[in-house]
**Student:** 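Let me give you the structure first, and then I'll get to my questions.
Order of the sequence lines sets the chain letters (A, B, ...), proteins ahead of strands, with each chain counted from 1. Keep in mind that the numbers below use all heavy atoms, side chains included, and drop hydrogens, waters and symmetry copies.
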Protein chains: 2
Amino acid sequence: MTRKAFQRLSEDTRRTSLLEATLACVADLGLNGASARRIAERADVSAGLLRHYFPSKDQMIRDSYAYLIGQLTGDAARAADQKDATPEAALAGFITGNVTPPNLSSLKLSLWATFIGRVRADPAFADIHRDSYREFLEILEGLIHPVLLAQGRPTDPASCQRLAIAVNGIIDGLWLEGSIEHGLYNPNGLTEIALSACEGIIRLPETTLTRHLAPRTKRT
Amino acid sequence: MTRKAFQRLSEDTRRTSLLEATLACVADLGLNGASARRIAERADVSAGLLRHYFPSKDQMIRDSYAYLIGQLTGDAARAADQKDATPEAALAGFITGNVTPPNLSSLKLSLWATFIGRVRADPAFADIHRDSYREFLEILEGLIHPVLLAQGRPTDPASCQRLAIAVNGIIDGLWLEGSIEHGLYNPNGLTEIALSACEGIIRLPETTLTRHLAPRTKRT
DNA sequence: AACGTTGTTGTACGACTGTAAAACAAATAG
DNA sequence: CTATTTGTTTTACAGTCGTACAACAACGTT
(Lines give C-alpha, C1' and ligand atoms only; values in the text may rest on other atoms or scores of the structure.)
Protein backbone atom coordinates (compact mmCIF):
# COMPACT_ATOMS: atom_id res chain seq x y z
CA MET A 1 0.00 0.00 0.00
CA THR A 2 1.67 3.16 -1.21
CA ARG A 3 0.14 6.48 -0.33
CA LYS A 4 -0.95 8.94 -2.93
CA ALA A 5 1.67 11.54 -3.80
CA PHE A 6 0.51 15.04 -2.99
CA GLN A 7 1.53 18.67 -2.97
CA ARG A 8 1.13 21.19 -0.18
CA LEU A 9 -0.63 24.26 -1.51
CA SER A 10 -1.07 27.69 0.02
CA GLU A 11 -4.20 28.10 2.06
CA ASP A 12 -5.81 30.45 -0.46
CA THR A 13 -5.10 28.28 -3.45
CA ARG A 14 -6.36 25.13 -1.82
CA ARG A 15 -9.42 26.83 -0.38
CA THR A 16 -10.40 28.30 -3.73
CA SER A 17 -9.83 24.98 -5.43
CA LEU A 18 -12.13 23.30 -2.92
CA LEU A 19 -14.83 25.94 -3.33
CA GLU A 20 -14.74 25.57 -7.08
CA ALA A 21 -14.93 21.80 -6.84
CA THR A 22 -17.91 22.25 -4.54
CA LEU A 23 -19.68 24.49 -7.05
CA ALA A 24 -18.93 22.11 -9.91
CA CYS A 25 -20.43 19.21 -7.97
CA VAL A 26 -23.49 21.17 -6.87
CA ALA A 27 -24.14 22.26 -10.46
CA ASP A 28 -23.88 18.73 -11.81
CA LEU A 29 -25.34 16.67 -8.99
CA GLY A 30 -27.35 19.09 -6.91
CA LEU A 31 -27.00 19.63 -3.18
CA ASN A 32 -28.16 16.06 -2.89
CA GLY A 33 -25.41 14.38 -4.86
CA ALA A 34 -22.62 16.74 -3.87
CA SER A 35 -21.18 14.57 -1.12
CA ALA A 36 -17.95 15.31 0.65
CA ARG A 37 -16.23 12.38 -1.05
CA ARG A 38 -17.36 13.43 -4.49
CA ILE A 39 -16.25 17.01 -3.96
CA ALA A 40 -12.88 15.81 -2.73
CA GLU A 41 -12.49 13.58 -5.76
CA ARG A 42 -13.29 16.49 -8.10
CA ALA A 43 -10.64 18.58 -6.35
CA ASP A 44 -8.20 15.66 -6.61
CA VAL A 45 -7.83 15.50 -2.88
CA SER A 46 -8.71 13.08 -0.11
CA ALA A 47 -12.02 13.45 1.68
CA GLY A 48 -10.42 14.07 5.04
CA LEU A 49 -8.82 17.26 3.83
CA LEU A 50 -12.12 19.08 3.58
CA ARG A 51 -12.41 19.22 7.32
CA HIS A 52 -9.01 20.80 7.52
CA TYR A 53 -10.31 23.86 5.68
CA PHE A 54 -13.96 23.97 6.71
CA PRO A 55 -15.53 23.26 10.09
CA SER A 56 -18.33 21.30 8.44
CA LYS A 57 -19.68 20.41 5.05
CA ASP A 58 -22.61 22.78 5.54
CA GLN A 59 -20.25 25.65 6.14
CA MET A 60 -18.30 24.73 3.03
CA ILE A 61 -21.49 24.88 0.99
CA ARG A 62 -22.35 28.28 2.43
CA ASP A 63 -18.88 29.59 1.66
CA SER A 64 -19.19 28.37 -1.89
CA TYR A 65 -22.44 30.31 -2.23
CA ALA A 66 -20.75 33.50 -1.07
CA TYR A 67 -17.92 32.78 -3.48
CA LEU A 68 -20.33 32.43 -6.40
CA ILE A 69 -22.22 35.61 -5.54
CA GLY A 70 -18.97 37.50 -5.39
CA GLN A 71 -18.18 36.38 -8.93
CA LEU A 72 -21.62 37.34 -10.25
CA THR A 73 -21.83 40.85 -8.83
CA GLY A 74 -18.17 41.46 -9.57
CA ASP A 75 -18.60 40.63 -13.24
CA ALA A 76 -21.76 42.73 -13.46
CA ALA A 77 -20.22 45.78 -11.83
CA ARG A 78 -17.20 45.52 -14.09
CA ALA A 79 -19.45 45.66 -17.14
CA ALA A 80 -20.66 49.11 -16.12
CA ASP A 81 -17.14 50.45 -15.57
CA GLN A 82 -16.41 52.04 -18.89
CA LYS A 83 -14.05 54.94 -19.24
CA ASP A 84 -15.47 58.33 -20.28
CA ALA A 85 -18.91 56.84 -20.69
CA THR A 86 -22.08 58.91 -20.61
CA PRO A 87 -24.54 57.95 -17.87
CA GLU A 88 -26.71 56.31 -20.53
CA ALA A 89 -23.82 54.24 -21.88
CA ALA A 90 -22.85 53.09 -18.39
CA LEU A 91 -26.39 51.97 -17.62
CA ALA A 92 -26.67 50.25 -20.98
CA GLY A 93 -23.35 48.51 -20.34
CA PHE A 94 -24.51 47.24 -16.95
CA ILE A 95 -27.76 45.91 -18.37
CA THR A 96 -25.97 44.30 -21.30
CA GLY A 97 -23.39 42.72 -19.03
CA ASN A 98 -26.12 40.99 -17.09
CA VAL A 99 -27.78 39.32 -20.05
CA THR A 100 -24.65 38.22 -21.92
CA PRO A 101 -21.90 35.75 -21.04
CA PRO A 102 -20.11 35.20 -18.74
CA ASN A 103 -23.02 36.16 -16.51
CA LEU A 104 -25.53 34.57 -18.85
CA SER A 105 -24.63 30.97 -18.10
CA SER A 106 -26.72 27.91 -17.48
CA LEU A 107 -24.15 26.68 -15.00
CA LYS A 108 -24.26 29.84 -12.91
CA LEU A 109 -28.02 29.87 -13.09
CA SER A 110 -28.16 26.31 -11.77
CA LEU A 111 -25.98 27.21 -8.84
CA TRP A 112 -27.80 30.45 -8.12
CA ALA A 113 -31.19 28.73 -8.16
CA THR A 114 -30.04 25.85 -6.00
CA PHE A 115 -28.80 28.24 -3.34
CA ILE A 116 -31.81 30.58 -3.56
CA GLY A 117 -33.88 27.54 -2.72
CA ARG A 118 -32.19 27.42 0.68
CA VAL A 119 -32.63 31.11 1.53
CA ARG A 120 -36.03 30.66 3.13
CA ALA A 121 -35.07 27.90 5.55
CA ASP A 122 -31.42 28.71 6.27
CA PRO A 123 -30.62 32.10 7.83
CA ALA A 124 -26.99 31.91 6.71
CA PHE A 125 -28.06 31.74 3.07
CA ALA A 126 -30.59 34.51 3.69
CA ASP A 127 -27.85 36.82 4.96
CA ILE A 128 -25.66 36.24 1.95
CA HIS A 129 -28.57 36.81 -0.40
CA ARG A 130 -29.77 39.98 1.30
CA ASP A 131 -26.34 41.55 1.22
CA SER A 132 -25.78 40.79 -2.43
CA TYR A 133 -29.26 41.97 -3.38
CA ARG A 134 -28.83 45.24 -1.55
CA GLU A 135 -25.52 45.80 -3.27
CA PHE A 136 -27.06 45.11 -6.66
CA LEU A 137 -29.88 47.57 -6.00
CA GLU A 138 -27.43 50.25 -4.89
CA ILE A 139 -25.33 49.86 -8.01
CA LEU A 140 -28.46 50.18 -10.10
CA GLU A 141 -29.69 53.28 -8.28
CA GLY A 142 -26.26 54.80 -8.74
CA LEU A 143 -26.52 54.20 -12.47
CA ILE A 144 -30.11 55.36 -12.91
CA HIS A 145 -29.79 58.57 -10.93
CA PRO A 146 -27.37 60.37 -13.31
CA VAL A 147 -29.44 59.28 -16.29
CA LEU A 148 -32.54 60.90 -14.82
CA LEU A 149 -30.49 63.99 -14.01
CA ALA A 150 -29.14 64.23 -17.54
CA GLN A 151 -32.69 63.94 -18.89
CA GLY A 152 -33.97 66.67 -16.62
CA ARG A 153 -36.22 64.29 -14.72
CA PRO A 154 -37.13 64.28 -11.03
CA THR A 155 -34.64 62.35 -8.90
CA ASP A 156 -36.34 61.95 -5.53
CA PRO A 157 -35.15 58.83 -3.68
CA ALA A 158 -38.57 57.14 -3.79
CA SER A 159 -38.86 57.27 -7.59
CA CYS A 160 -35.24 56.24 -7.95
CA GLN A 161 -35.77 53.19 -5.78
CA ARG A 162 -38.96 52.20 -7.58
CA LEU A 163 -37.20 52.37 -10.93
CA ALA A 164 -34.22 50.44 -9.60
CA ILE A 165 -36.52 47.71 -8.31
CA ALA A 166 -38.28 47.44 -11.65
CA VAL A 167 -35.07 47.46 -13.70
CA ASN A 168 -33.55 44.94 -11.32
CA GLY A 169 -36.64 42.82 -11.83
CA ILE A 170 -36.39 42.68 -15.58
CA ILE A 171 -32.64 42.10 -15.49
CA ASP A 172 -33.14 39.17 -13.14
CA GLY A 173 -36.03 37.81 -15.16
CA LEU A 174 -34.34 38.02 -18.53
CA TRP A 175 -31.07 36.69 -17.14
CA LEU A 176 -33.02 33.77 -15.77
CA GLU A 177 -34.89 32.94 -18.95
CA GLY A 178 -31.89 33.51 -21.14
CA SER A 179 -29.59 31.35 -19.03
CA ILE A 180 -31.85 28.34 -19.09
CA GLU A 181 -31.22 26.73 -22.40
CA HIS A 182 -34.82 26.03 -23.23
CA GLY A 183 -34.39 26.47 -26.96
CA LEU A 184 -37.62 28.44 -27.26
CA TYR A 185 -36.01 31.52 -28.74
CA ASN A 186 -32.63 32.88 -29.70
CA PRO A 187 -30.90 34.43 -26.67
CA ASN A 188 -28.89 36.66 -29.00
CA GLY A 189 -31.78 39.09 -29.19
CA LEU A 190 -31.95 39.29 -25.42
CA THR A 191 -29.78 42.38 -25.11
CA GLU A 192 -32.01 44.44 -27.37
CA ILE A 193 -35.12 43.26 -25.53
CA ALA A 194 -33.54 44.19 -22.23
CA LEU A 195 -32.38 47.65 -23.33
CA SER A 196 -35.66 48.46 -25.01
CA ALA A 197 -37.66 47.29 -21.99
CA CYS A 198 -35.56 49.40 -19.63
CA GLU A 199 -36.07 52.42 -21.87
CA GLY A 200 -39.79 51.88 -21.50
CA ILE A 201 -39.66 51.29 -17.75
CA ILE A 202 -37.70 54.49 -17.11
CA ARG A 203 -39.67 56.35 -19.80
CA LEU A 204 -36.56 57.36 -21.69
CA PRO A 205 -36.78 58.57 -25.30
CA GLU A 206 -36.42 55.81 -27.87
CA THR A 207 -32.81 54.76 -28.63
CA THR A 208 -31.48 56.36 -25.43
CA LEU A 209 -30.24 52.92 -24.36
CA THR A 210 -30.65 50.81 -27.49
CA ARG A 211 -28.22 53.01 -29.42
CA HIS A 212 -25.50 51.51 -27.19
CA LEU A 213 -26.35 48.04 -28.42
CA ALA A 214 -23.09 46.45 -29.53
CA PRO A 215 -23.24 45.25 -33.14
CA ARG A 216 -23.98 41.55 -33.13
CA THR A 217 -21.01 39.36 -33.96
CA LYS A 218 -21.49 37.88 -37.39
CA ARG A 219 -21.59 34.16 -37.90
CA THR A 220 -21.03 32.37 -41.18
CA MET B 1 -45.63 -5.08 19.15
CA THR B 2 -48.87 -3.73 17.76
CA ARG B 3 -48.95 -2.38 14.23
CA LYS B 4 -49.96 1.13 13.44
CA ALA B 5 -53.65 1.53 12.55
CA PHE B 6 -54.08 2.82 9.04
CA GLN B 7 -56.65 3.72 6.42
CA ARG B 8 -56.80 2.74 2.80
CA LEU B 9 -57.18 5.85 0.71
CA SER B 10 -58.04 6.23 -2.94
CA GLU B 11 -55.06 6.33 -5.26
CA ASP B 12 -55.54 10.00 -6.10
CA THR B 13 -55.94 11.12 -2.51
CA ARG B 14 -52.90 9.22 -1.30
CA ARG B 15 -50.79 10.25 -4.25
CA THR B 16 -51.60 13.93 -3.77
CA SER B 17 -50.94 13.66 -0.06
CA LEU B 18 -47.53 12.15 -0.78
CA LEU B 19 -46.68 14.82 -3.34
CA GLU B 20 -47.59 17.57 -0.91
CA ALA B 21 -45.55 15.99 1.83
CA THR B 22 -42.65 15.83 -0.61
CA LEU B 23 -42.96 19.53 -1.41
CA ALA B 24 -43.21 20.44 2.26
CA CYS B 25 -40.02 18.52 3.01
CA VAL B 26 -38.13 19.95 0.05
CA ALA B 27 -39.11 23.48 1.04
CA ASP B 28 -37.98 23.02 4.63
CA LEU B 29 -35.00 20.72 4.26
CA GLY B 30 -33.92 21.03 0.63
CA LEU B 31 -33.45 18.17 -1.79
CA ASN B 32 -30.70 17.11 0.55
CA GLY B 33 -32.71 16.64 3.71
CA ALA B 34 -35.89 15.45 2.06
CA SER B 35 -35.29 11.74 2.55
CA ALA B 36 -37.85 9.06 1.86
CA ARG B 37 -38.30 8.40 5.57
CA ARG B 38 -38.84 12.05 6.39
CA ILE B 39 -41.35 12.50 3.59
CA ALA B 40 -43.24 9.43 4.75
CA GLU B 41 -43.29 10.71 8.30
CA ARG B 42 -44.69 14.07 7.13
CA ALA B 43 -47.44 12.23 5.22
CA ASP B 44 -48.09 10.09 8.31
CA VAL B 45 -47.31 6.94 6.42
CA SER B 46 -44.65 4.26 6.53
CA ALA B 47 -41.58 4.62 4.36
CA GLY B 48 -42.29 1.48 2.41
CA LEU B 49 -45.50 2.91 1.01
CA LEU B 50 -43.69 5.42 -1.16
CA ARG B 51 -42.48 2.69 -3.45
CA HIS B 52 -46.03 1.51 -3.88
CA TYR B 53 -46.96 4.78 -5.59
CA PHE B 54 -43.69 5.82 -7.23
CA PRO B 55 -41.11 3.66 -8.98
CA SER B 56 -38.29 5.54 -7.28
CA LYS B 57 -37.68 8.50 -5.04
CA ASP B 58 -36.26 10.46 -7.97
CA GLN B 59 -39.46 9.98 -9.91
CA MET B 60 -41.47 11.10 -6.91
CA ILE B 61 -39.44 14.30 -6.73
CA ARG B 62 -39.99 14.93 -10.44
CA ASP B 63 -43.71 14.36 -10.09
CA SER B 64 -43.84 16.80 -7.21
CA TYR B 65 -42.17 19.42 -9.43
CA ALA B 66 -44.82 18.95 -12.12
CA TYR B 67 -47.48 19.16 -9.41
CA LEU B 68 -46.09 22.47 -8.15
CA ILE B 69 -45.85 23.97 -11.63
CA GLY B 70 -49.43 23.02 -12.29
CA GLN B 71 -50.49 24.96 -9.21
CA LEU B 72 -48.47 28.03 -10.16
CA THR B 73 -49.60 28.42 -13.75
CA GLY B 74 -53.15 27.44 -12.80
CA ASP B 75 -53.38 30.20 -10.19
CA ALA B 76 -51.84 32.71 -12.57
CA ALA B 77 -54.16 31.90 -15.45
CA ARG B 78 -57.17 32.10 -13.14
CA ALA B 79 -56.18 35.62 -12.15
CA ALA B 80 -56.56 36.77 -15.76
CA ASP B 81 -59.98 35.15 -16.15
CA GLN B 82 -62.28 38.03 -15.33
CA LYS B 83 -65.75 38.28 -16.77
CA ASP B 84 -66.50 41.11 -19.17
CA ALA B 85 -63.02 42.55 -18.71
CA THR B 86 -61.38 44.83 -21.24
CA PRO B 87 -58.13 43.52 -22.71
CA GLU B 88 -56.26 46.00 -20.51
CA ALA B 89 -58.01 44.81 -17.35
CA ALA B 90 -57.31 41.17 -18.16
CA LEU B 91 -53.62 41.85 -18.70
CA ALA B 92 -53.47 43.92 -15.52
CA GLY B 93 -55.20 41.12 -13.64
CA PHE B 94 -52.71 38.55 -14.86
CA ILE B 95 -49.75 40.72 -13.91
CA THR B 96 -51.24 41.49 -10.51
CA GLY B 97 -52.00 37.84 -9.85
CA ASN B 98 -48.37 36.98 -10.35
CA VAL B 99 -46.98 39.44 -7.83
CA THR B 100 -49.55 38.94 -5.07
CA PRO B 101 -50.38 35.94 -2.89
CA PRO B 102 -50.99 33.07 -3.28
CA ASN B 103 -48.43 33.12 -6.08
CA LEU B 104 -46.22 35.53 -4.19
CA SER B 105 -45.01 33.09 -1.58
CA SER B 106 -41.61 32.43 -0.10
CA LEU B 107 -42.48 28.75 0.16
CA LYS B 108 -43.35 28.43 -3.51
CA LEU B 109 -40.30 30.41 -4.46
CA SER B 110 -38.09 28.05 -2.46
CA LEU B 111 -39.53 25.06 -4.23
CA TRP B 112 -39.41 26.65 -7.65
CA ALA B 113 -35.76 27.65 -7.22
CA THR B 114 -34.73 24.28 -5.87
CA PHE B 115 -36.20 22.55 -8.90
CA ILE B 116 -34.91 25.10 -11.41
CA GLY B 117 -31.47 24.27 -10.07
CA ARG B 118 -31.89 20.75 -11.45
CA VAL B 119 -33.08 21.75 -14.92
CA ARG B 120 -29.62 21.97 -16.40
CA ALA B 121 -28.41 18.53 -15.35
CA ASP B 122 -31.62 16.51 -15.39
CA PRO B 123 -33.52 16.24 -18.70
CA ALA B 124 -36.75 15.27 -16.94
CA PHE B 125 -36.76 18.56 -15.05
CA ALA B 126 -35.85 20.40 -18.24
CA ASP B 127 -38.90 19.00 -20.02
CA ILE B 128 -41.26 20.06 -17.26
CA HIS B 129 -39.75 23.52 -17.18
CA ARG B 130 -39.84 24.04 -20.92
CA ASP B 131 -43.48 23.04 -21.19
CA SER B 132 -44.57 25.32 -18.37
CA TYR B 133 -42.52 28.20 -19.71
CA ARG B 134 -43.96 27.86 -23.17
CA GLU B 135 -47.46 27.81 -21.73
CA PHE B 136 -46.76 30.93 -19.70
CA LEU B 137 -45.44 32.76 -22.76
CA GLU B 138 -48.47 31.76 -24.80
CA ILE B 139 -50.88 33.02 -22.17
CA LEU B 140 -48.99 36.29 -22.11
CA GLU B 141 -48.98 36.69 -25.88
CA GLY B 142 -52.70 35.98 -25.86
CA LEU B 143 -53.20 38.78 -23.37
CA ILE B 144 -50.90 41.32 -24.99
CA HIS B 145 -52.20 40.90 -28.53
CA PRO B 146 -55.72 42.29 -27.95
CA VAL B 147 -54.29 45.18 -25.96
CA LEU B 148 -52.11 46.18 -28.91
CA LEU B 149 -55.07 45.78 -31.20
CA ALA B 150 -57.29 47.98 -29.03
CA GLN B 151 -54.57 50.62 -29.02
CA GLY B 152 -54.20 50.57 -32.78
CA ARG B 153 -50.68 49.25 -32.60
CA PRO B 154 -48.90 46.81 -34.93
CA THR B 155 -49.43 43.18 -33.93
CA ASP B 156 -46.92 41.21 -35.99
CA PRO B 157 -45.88 37.96 -34.26
CA ALA B 158 -42.27 39.05 -33.83
CA SER B 159 -43.11 42.20 -31.86
CA CYS B 160 -45.71 40.31 -29.88
CA GLN B 161 -43.20 37.68 -28.85
CA ARG B 162 -40.58 40.24 -27.95
CA LEU B 163 -43.02 42.05 -25.71
CA ALA B 164 -44.20 38.79 -24.15
CA ILE B 165 -40.62 37.85 -23.38
CA ALA B 166 -39.94 41.20 -21.77
CA VAL B 167 -43.17 41.24 -19.76
CA ASN B 168 -42.56 37.65 -18.70
CA GLY B 169 -39.11 38.72 -17.60
CA ILE B 170 -40.26 41.47 -15.31
CA ILE B 171 -43.06 39.35 -13.90
CA ASP B 172 -40.57 36.62 -13.07
CA GLY B 173 -38.07 39.05 -11.64
CA LEU B 174 -40.51 40.94 -9.46
CA TRP B 175 -42.20 37.75 -8.31
CA LEU B 176 -38.77 36.48 -7.35
CA GLU B 177 -37.68 39.54 -5.42
CA GLY B 178 -41.06 39.99 -3.81
CA SER B 179 -41.32 36.40 -2.69
CA ILE B 180 -38.00 36.35 -0.92
CA GLU B 181 -38.65 38.00 2.38
CA HIS B 182 -35.53 40.10 2.41
CA GLY B 183 -37.12 43.00 4.30
CA LEU B 184 -35.46 45.58 2.05
CA TYR B 185 -38.70 47.16 0.91
CA ASN B 186 -42.44 46.78 1.32
CA PRO B 187 -43.80 44.19 -1.14
CA ASN B 188 -47.19 45.92 -1.02
CA GLY B 189 -46.02 48.44 -3.58
CA LEU B 190 -44.97 45.66 -5.93
CA THR B 191 -48.19 45.58 -7.91
CA GLU B 192 -47.94 49.22 -8.85
CA ILE B 193 -44.31 48.85 -9.81
CA ALA B 194 -45.17 45.86 -11.98
CA LEU B 195 -48.11 47.50 -13.74
CA SER B 196 -46.25 50.74 -14.31
CA ALA B 197 -43.20 48.91 -15.64
CA CYS B 198 -45.31 46.88 -18.06
CA GLU B 199 -46.96 50.06 -19.27
CA GLY B 200 -43.53 51.36 -20.08
CA ILE B 201 -42.32 48.14 -21.69
CA ILE B 202 -45.33 47.93 -24.00
CA ARG B 203 -45.34 51.74 -24.50
CA LEU B 204 -48.92 52.10 -23.36
CA PRO B 205 -50.29 55.51 -22.34
CA GLU B 206 -49.97 56.25 -18.62
CA THR B 207 -52.64 54.65 -16.39
CA THR B 208 -53.66 52.15 -19.08
CA LEU B 209 -52.75 49.37 -16.68
CA THR B 210 -52.25 51.17 -13.37
CA ARG B 211 -55.84 52.36 -13.35
CA HIS B 212 -56.74 48.72 -12.70
CA LEU B 213 -54.69 48.71 -9.52
CA ALA B 214 -56.91 47.35 -6.76
CA PRO B 215 -57.14 49.74 -3.79
CA ARG B 216 -54.72 48.64 -1.14
CA THR B 217 -56.30 46.97 1.88
CA LYS B 218 -56.04 49.33 4.79
CA ARG B 219 -54.22 48.38 7.93
CA THR B 220 -54.70 49.98 11.32
C1' DA C 1 -69.84 -14.26 8.04
C1' DA C 2 -66.00 -15.93 5.48
C1' DC C 3 -63.10 -14.88 1.54
C1' DG C 4 -59.86 -12.69 -1.50
C1' DT C 5 -57.60 -8.60 -2.90
C1' DT C 6 -54.27 -5.29 -2.17
C1' DG C 7 -53.04 -1.04 0.27
C1' DT C 8 -50.03 -0.64 4.07
C1' DT C 9 -46.67 -1.80 7.61
C1' DG C 10 -42.36 -3.48 9.48
C1' DT C 11 -37.85 -5.24 8.92
C1' DA C 12 -33.71 -6.14 6.70
C1' DC C 13 -29.67 -5.06 3.74
C1' DG C 14 -25.78 -3.10 1.42
C1' DA C 15 -24.20 1.35 -0.01
C1' DC C 16 -23.18 5.73 1.21
C1' DT C 17 -23.07 9.71 4.40
C1' DG C 18 -20.41 13.30 7.46
C1' DT C 19 -17.06 13.28 10.69
C1' DA C 20 -13.12 12.02 13.96
C1' DA C 21 -8.52 10.83 14.63
C1' DA C 22 -4.25 8.44 13.84
C1' DA C 23 -0.48 7.74 10.52
C1' DC C 24 2.25 9.72 7.26
C1' DA C 25 5.19 12.75 4.22
C1' DA C 26 6.25 17.27 2.10
C1' DA C 27 8.02 21.49 2.84
C1' DT C 28 10.62 24.63 5.93
C1' DA C 29 14.04 25.99 9.30
C1' DG C 30 18.24 25.29 11.65
C1' DC D 1 21.77 16.72 6.83
C1' DT D 2 18.50 16.51 10.71
C1' DA D 3 14.55 18.17 13.18
C1' DT D 4 10.09 20.21 13.22
C1' DT D 5 5.87 21.58 11.62
C1' DT D 6 1.63 20.76 9.55
C1' DG D 7 -0.86 19.87 5.22
C1' DT D 8 -2.51 15.59 3.59
C1' DT D 9 -3.86 10.75 3.44
C1' DT D 10 -5.89 6.75 5.39
C1' DT D 11 -8.75 4.17 8.23
C1' DA D 12 -12.63 3.73 11.17
C1' DC D 13 -17.31 4.41 12.91
C1' DA D 14 -22.06 5.26 13.79
C1' DG D 15 -25.81 6.90 11.39
C1' DT D 16 -28.78 7.49 7.36
C1' DC D 17 -29.81 6.57 2.75
C1' DG D 18 -32.94 4.21 -1.06
C1' DT D 19 -34.83 0.03 -1.80
C1' DA D 20 -36.67 -5.01 -1.59
C1' DC D 21 -39.80 -8.02 0.39
C1' DA D 22 -42.51 -10.68 3.57
C1' DA D 23 -46.11 -10.16 6.91
C1' DC D 24 -50.26 -8.08 7.92
C1' DA D 25 -54.94 -5.92 8.08
C1' DA D 26 -58.53 -3.01 5.96
C1' DC D 27 -61.93 -3.09 2.74
C1' DG D 28 -65.10 -4.91 -1.14
C1' DT D 29 -67.31 -8.99 -2.66
C1' DT D 30 -70.00 -12.75 -2.19
**Student:** Would a distance-only check, ignoring hydrogens and angles, find a side-chain to backbone donor-acceptor pair under 3.5 Å from A/Arg38 to A/Gly33?
**Tutor:**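 Looks like yes, one N/O pair under 3.5 Å.
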
**Student:** In this structure, how many angstroms lie between the P atom of C/dC16 and the CD atom of A/Glu41, rounded?
**Tutor:**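 So the two atoms are 12 Å apart, to the nearest Å.
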
**Student:** By nearest heavy atom, map B/Asn32 and B/Leu9 onto DNA chain C; which one lands nearer the 5' end?
**Tutor:**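 Checking each residue's closest nucleotide, the 5'-ward one belongs to B/Leu9.
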
**Student:** Once each nucleotide of nucleotides 22-30 of chain D is scored for protein heavy atoms under 4.0 Å, what B/S/- sequence comes out, 5' to 3'?
**Tutor:** -BSBBS---

**Student:** Among the candidates C/dG10, D/dG18, C/dG18, find the nucleotide nearest to the side-chain atoms of B/Ser46.
**Tutor:** C/dG10

**Student:** Please report the distance, rounded to the nearest Å, between CZ in A/Arg14 and C1' in C/dA27.
**Tutor:**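 About 13 Å, once rounded to whole Å.
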
**Student:** Indicate whether OP1 or OP2 belonging to D/dT16 is found under 4.0 Å from a side-chain N or O atom of B/Arg38.
**Tutor:**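 So the side chain of B/Arg38 is outside the cut-off, no N or O lying under 4.0 Å from OP1 or OP2 of D/dT16.
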
**Student:** Atom CD1 of B/Ile61 and atom C1' of D/dG18: how far apart are they, to the nearest Å?
**Tutor:** 12 Å

**Student:** Using heavy atoms to find the nearest nucleotide of DNA chain D for A/Ala47 and B/Pro55 separately, return the residue whose nucleotide is more 5′.
**Tutor:**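 Result: A/Ala47.
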
**Student:** For A/Arg51 and C/dA20, is the shortest distance between a side-chain N/O and OP1 or OP2 below 4.0 Å?
**Tutor:**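 Yes.
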
**Student:** Are OP1 or OP2 of D/dT8 and a side-chain N or O of A/His52 less than 4.0 angstrom apart?
**Tutor:** no

**Student:** In whole Å, what is the span from the NZ atom of A/Lys57 to the P atom of C/dC16?
**Tutor:** 15 Å

**Student:** C/dG18 C1' sits how many Å from A/Leu49 CG, rounded?
**Tutor:**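 From A/Leu49 CG to C/dG18 C1': 15 Å.
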
**Student:** Please check this pair: side chain of A/Lys57 against backbone of A/Leu50, looking for a donor-acceptor N/O pair closer than 3.5 Å.
**Tutor:** no

**Student:** Whole Å only: how far is the CZ atom of A/Arg15 from the C1' atom of D/dT8?
**Tutor:**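 Taking atom C1' of D/dT8 as the reference, CZ of A/Arg15 is at 15 Å.
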
**Student:** State, with a plain yes or no, whether a side-chain heavy atom of A/Tyr53 is found less than 4.5 Å away from one of A/Met60.
**Tutor:** no

**Student:** Would you call the rings of A/Trp112 and A/Trp175 parallel, tilted or perpendicular, taking 30° and 60° as the class edges?
**Tutor:**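 Geometry flag for A/Trp175 against A/Trp112: perpendicular rings.
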
**Student:** A/Leu50 has an atom CG; how far is it from atom P of D/dT9, in whole Å?
**Tutor:**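 That distance rounds to 10 Å.
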
**Student:** Please check: side-chain N/O of B/Thr73 versus main-chain N/O of B/Ile69, any donor-acceptor pairing under 3.5 Å?
**Tutor:**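 Side chain of B/Thr73 to backbone of B/Ile69: a pair is present.
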
**Student:** With no hydrogens and no angle check, is any side-chain donor or acceptor of B/Ser132 less than 3.5 Å from a backbone partner on B/His129?
**Tutor:**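 Flag set: sc B/Ser132 to bb B/His129 pair under 3.5 Å.
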
**Student:** Would you say a side-chain N or O of B/Tyr53 is under 4.0 Å from OP1 or OP2 of C/dG7?
**Tutor:** no

**Student:** With a 4.0 Å cutoff (strictly under), does any side-chain N or O of B/Ser35 reach OP1 or OP2 of D/dC17?
**Tutor:** yes

**Student:** Can you tell me if the side-chain N/O atoms of B/Arg37 get under 4.0 Å from OP1 or OP2 in D/dT19?
**Tutor:** no

**Student:** Given 3.5 Å as the limit, does a donor-acceptor pair link the side chain of B/Asn103 with the main chain of B/Val99, or not?
**Tutor:** no

